[in-house]
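By convention here, the first residue in the shown sequence is residue 1.
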Amino acid sequence: VQLQASGGGMVQAGGSLRLFCSASGSTLDIDMMAWYRQVQGKQRELVASITTKGNTDYADFVKGRFTISRDNSRNKNTYLQMNGLKPEDTAVYYCNVGVPRAVAGLRNWYWGSGTLVTVSS
């Protein structure tokens, strides 16, 4: 599975951006899709995730501002709508997908290239 993230950029506080992650390759069995972010010098952290059925989960620091969605067509894509951006949202955002393995409960995880989001005050 190959992932390509895009949509990052520079925006003023209070603004919006929409991130897009395009999946290609062996995408048929992708179930979990997620967005993470990382600030230089800090650990990568989960922002939001979405299952095949559309169940979502959000980190507390983005609840009510960010919305994750997905496209379950052949080439599965995921989106992150970010509203009410704050300077502390500045980070490199990565998409992440999981493909179930033969052993129940285990997945292979794949990472895309990051896209930089910069929020100015």
Side-chain angles (χ1 to χ4, degrees):
V1 176
Q2 295 79 46
L3 304 172
Q4 180 68 48
S6 61
M10 184 177 293
V11 65
Q12 288 189 331
S16 298
L17 284 173
R18 181 175 171 87
L19 304 185
F20 169 65
C21 179
S22 173
S24 61
S26 301
T27 63
L28 185 64
D29 294 325
I30 290 175
D31 60 355
M32 183 69 74
M33 306 184 81
W35 288 93
Y36 283 73
R37 71 186 188 186
Q38 187 170 24
V39 176
Q40 191 171 7
K42 295 187 177 181
Q43 285 191 330
R44 194 171 294 187
E45 57 185 359
L46 177 65
V47 174
S49 64
I50 185 168
T51 67
T52 303
K53 295 182 178 180
N55 296 320
T56 58
D57 191 27
Y58 295 93
D60 287 342
F61 51 78
V62 302
K63 282 182 179 177
R65 300 188 297 125
F66 291 11
T67 303
I68 188 171
S69 59
R70 62 186 287 164
D71 170 6
N72 286 324
S73 63
R74 180 176 181 179
N75 288 332
K76 295 180 175 62
N77 303 312
T78 183
Y79 309 87
L80 185 68
Q81 178 66 43
M82 305 187 295
N83 298 329
L85 283 162
K86 305 175 181 180
E88 52 263 44
D89 293 320
T90 295
V92 178
Y93 285 73
Y94 297 89
C95 57
N96 170 259
V97 302
V99 177
R101 295 172 61 181
V103 177
L106 296 182
R107 290 185 175 89
N108 290 324
W109 296 98
Y110 299 87
W111 292 94
S113 58
T115 185
L116 177 62
V117 172
T118 303
V119 185
S120 61
S121 57

Output all residues satisfying side-chain hydrogen bond (donor to acceptor under 3.5 Å, both in side chains) with [X], sequence neighbours left out; order by chain, then residue number.
{"X": "Lys53", "answer": "none"}
{"X": "Asp31", "answer": "Arg107"}
{"X": "Gln38", "answer": "Arg44"}

Check your understanding: For Ile68, what are the other residues in its hydrophobic cluster, where any two members join if their side-chain heavy atoms are less than 4.5 angstrom apart?
Key -> Val1, Leu3, Val11, Leu17, Leu19, Ile30, Met33, Trp35, Val47, Ile50, Tyr58, Phe61, Val62, Phe66, Leu80, Met82, Leu85, Tyr93, Val97, Val99, Tyr110, Val117, Val119

Exercise for review: List, by chain and then residue number, the residues other than Met10 in its hydrophobic cluster (Ile/Leu/Val/Met/Phe/Trp/Tyr, side-chain heavy atoms under 4.5 Å); write none if there are no others.
Suggested key: none

Check your understanding: Between Arg18 and Tyr79, is NZ or CZ placed under 6.0 angstrom from the six-membered ring centre and within 45° of the ring axis?
Key -> yes

Review point. Cut-off 3.5 Å, side chains only: do Asp57 and Ser49 have a donor facing an acceptor?
Key: no

**Study point:** Distance-only donor-acceptor check, side chains Gln4 and Ser113, under 3.5 Å
**Key:** yes

Review point. Under 3.5 Å, is there a donor-acceptor pair between the side chain of Thr90 and the main chain of Pro87?
Key: yes

Review point. Does Asp71 offer a backbone N or O that forms a donor-acceptor pair with the side chain of Lys76 under 3.5 Å?
Key: no

Practice item. Any chance you could measure Cys95, atom SG, to Tyr36, atom OH, to the nearest 0.5 Å? Key: 12.0 Å

**Study point:** Spacing of Gln81 atom CD and Ser69 atom OG [to the nearest 0.5 Å]
**Key:** 8.5 Å

Exercise for review: Find out if a path of hydrophobic residues (ILVMFWY) with successive side-chain heavy-atom gaps under 4.5 Å connects Leu46 to Val39.
Suggested key: no

Practice item. Go through the steps for Lys63 and Asp60 under the test salt bridge (charged side-chain N to carboxylate O under 4.0 Å, His left out), then give the verdict. Key: CA-CA 5 Å; Lys63 282 182 179 177; Asp60 287 342; 3.1 Å; yes

Revision key, fill the gap. On a heavy-atom basis, the closest approach of Arg70 and Thr52 is NH1-N, 3.3 Å

Check your understanding: Gly84 and Arg65: which non-hydrogen atoms are nearest, and at how many Å?
Key -> O-NH1, 2.9 Å

Point to revise | Residues that Trp109 engages under ring pair (Phe, Tyr, Trp, His ring centres under 6.0 Å), provided they are two or more places apart | key: none

